Amino acid sequence: MKKICVFGSLNIDMTIFVPHFNAPGETLTGTGMSIFTGGKGGNQAVACARLGAPVKMIGCLGDDANGGMYYDTLVKEGVDVSGLRRCENITSGIAFIEVVPEGENRIALAVGANGLLTPEVARDSEAAIAECGVYMTQLENPLEAIMEGMRIAHDHGVTVVLDPAPARPLPDQIFGLCDIVTPNETELNILTGMPTDTVDEAVAAARSLIARGAKLVLNKRGAAGVLLVTADECRMIPGFKVEAVDTTAAGDSFNAGLAVGLADGLAIDDAIRLANATGAISTTRLGAQPAMPTREQAEALIKAQA
Ligand code: ADP
């Protein structure tokens, strides 16, 4: 299998379960709490490793205790950490998450060291990027660094996957640098300013990204699966039927399954099936990284619903 390179964010997610969202000035006692490693980049790298793929993470952690904890987690999961930076005098990225009983959340995010992922870091990683088969990135770091990494991967003929999350309007040039872009419905709407509720609307929106340079758009559509759109074809690839309990990081799990499938040389439809299965299984368990399946578990679901 070819190597996968994930270029992106690393956050520590601190979640407190509260009876209701607190008011200004109020001190609210929670009913429980959890501390997990997260951030889209770290989630995708851990999910690739869980699926058994060789994966290298390029990203920035601070020199705080959280950074040490995240580093150790990645090592334990089998992620190649030789491209990680431990930045001095800055905290690691951190998300403070309040969750109410209805499941809704409020998040305050401090990007910390994620903001120090610069174009120079991407250039310093050129040799590591060039030896990979698949390069995957998201939008939680400075855009100029994201684009520089994509340009390097693209120039070396590495398959580039952009997960445009969290979505923001993007320059046209970025789409010409990616082979596959994987927005969910909300992200596709923000990227294009076009409606994406129905499949027909989503096809039109995806085609507008193709007009801006994207080769293949995979629109993630929750339990329904994924809509594949190129310049001359469009079709739904259905998802798997599961009992979903927590959809956190379903998108990250999907992207990891896709990258692993491509790195393993699968045809695009088979890679998408592995992605759908990986995303589906992640929704049947609580949390982000703890919910990510092994390759055997994903293959078993594919076989069971063939
Ligand atoms: P995001 O997490 O980015 O919002 P989605 O919710 O569309 O993205 O989930 C990503 C993928 O995970 C879907 O395309 C699908 O393959 C899988 N998935 C998500 N929710 C479910 C579900 N309830 N049942 C089965 N598969 C799901």
Side-chain angles (χ1 to χ4, degrees), residues 6 8-9 11 13 36 38-44 46-48 50-51 95 97 103-105 107 136-140 161-168 180-192 196-199 201-203 205-206 209 216-229 234-262 266 268-293 295 297-302 304-306:
V6 177
S9 58
N11 290 325
D13 295 340
F36 282 123
K40 291 180 187 303
N43 285 348
Q44 294 179 5
V46 167
C48 289
R50 204 66 68 72
L51 290 167
I97 307 168
E104 261 195 295
N105 62 33
I107 303 177
M136 187 153 64
T137 193
Q138 327 77 31
L139 298 177
E140 287 185 325
V161 180
L162 171 65
D163 186 18
R168 47 174 145 155
I180 306 179
V181 54
T182 61
N184 66 17
E185 287 137 299
T186 314
E187 290 149 6
L188 186 58
N189 166 258
I190 293 171
L191 290 176
T192 62
T196 57
D197 291 337
T198 68
V199 168
E201 287 172 344
V203 170
L209 294 185
L216 170 60
V217 178
L218 296 180
N219 169 216
K220 292 176 269 192
R221 299 186 70 84
V226 68
L227 172 66
L228 175 153
V229 183
C234 65
R235 57 200 156 86
M236 276 300 294
I237 297 164
F240 291 92
K241 289 184 184 49
V242 292
E243 288 284 329
V245 293
D246 177 6
T247 59
T248 308
D252 293 334
S253 303
F254 175 96
N255 273 66
L258 177 71
V260 171
L262 295 172
L266 301 188
I268 187 69
D269 281 62
D270 291 328
I272 292 170
R273 261 186 286 282
L274 179 60
N276 277 338
T278 306
I281 294 172
S282 79
T283 71
T284 65
R285 306 166 179 171
L286 293 178
Q289 295 180 11
M292 288 154 176
R295 180 85 183 250
Q297 291 165 338
E299 299 287 1
L301 179 62
I302 294 171
Q305 294 189 23

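Just so you know, ligand 1 is whichever comes first in the structure, and atom 1 is the first atom listed for that ligand. Values below: every heavy atom of this structure, side chains too, minus hydrogens, waters and symmetry copies. All values reported here derive from a predicted model rather than from experimental measurement.
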Can you report which non-hydrogen protein atom sits closest to [atom], along with the distance?
{"atom": "atom 9 (O) of ligand 1", "answer": "A250 CB, 3.6 Å"}
{"atom": "atom 12 (O) of ligand 1", "answer": "G279 CA, 3.6 Å"}
{"atom": "atom 16 (O) of ligand 1", "answer": "N276 OD1, 2.7 Å"}
{"atom": "atom 2 (O) of ligand 1", "answer": "G251 N, 2.9 Å"}
{"atom": "atom 25 (C) of ligand 1", "answer": "F240 O, 3.1 Å"}

For the side chain of [X] and the backbone of [Y], is there at least one donor-acceptor N/O pair under 3.5 Å apart?
{"X": "K220", "Y": "T182", "answer": "yes"}
{"X": "D163", "Y": "Q138", "answer": "no"}
{"X": "Q289", "Y": "F36", "answer": "no"}

Report yes if some N/O of [X] lies less than 3.5 Å from some N/O of ligand 1; otherwise report no.
{"X": "G225", "result": "yes"}
{"X": "T283", "result": "no"}
{"X": "E187", "result": "no"}

- Counting heavy atoms under 4.0 Å, the part of N184 that contacts ligand 1 is side chain
- Is ligand 1 under 4.0 Å from a heavy atom in the side chain of E185, in the backbone, in both, or in neither? neither
- Query: Which of the atoms in ligand 1, numbered in the order shown and given with their element, are less than 4.0 Å from a heavy-atom of V242?
  - Reply: 24 (N), 25 (C)
- Identify, by atom number and element, the atoms of ligand 1 in contact range of A244, meaning under 4.0 Å from any of its heavy atoms. 23 (N)
- Of G239, A167, S282, G222, which has the heavy atom at the shortest distance from atom 18 (N) of ligand 1? G222
Any heavy-atom pair between the side chains of [Y] and [X] that's under 4.5 Å?
{"X": "R50", "Y": "S253", "value": "no"}
{"X": "E187", "Y": "V181", "value": "no"}
{"X": "I268", "Y": "L262", "value": "yes"}
{"X": "N276", "Y": "F254", "value": "yes"}
{"X": "E201", "Y": "L188", "value": "no"}

- Task: For E185 and N219, test the side chains for any donor-to-acceptor distance below 3.5 angstrom and give the result as yes or no.
- Result: no
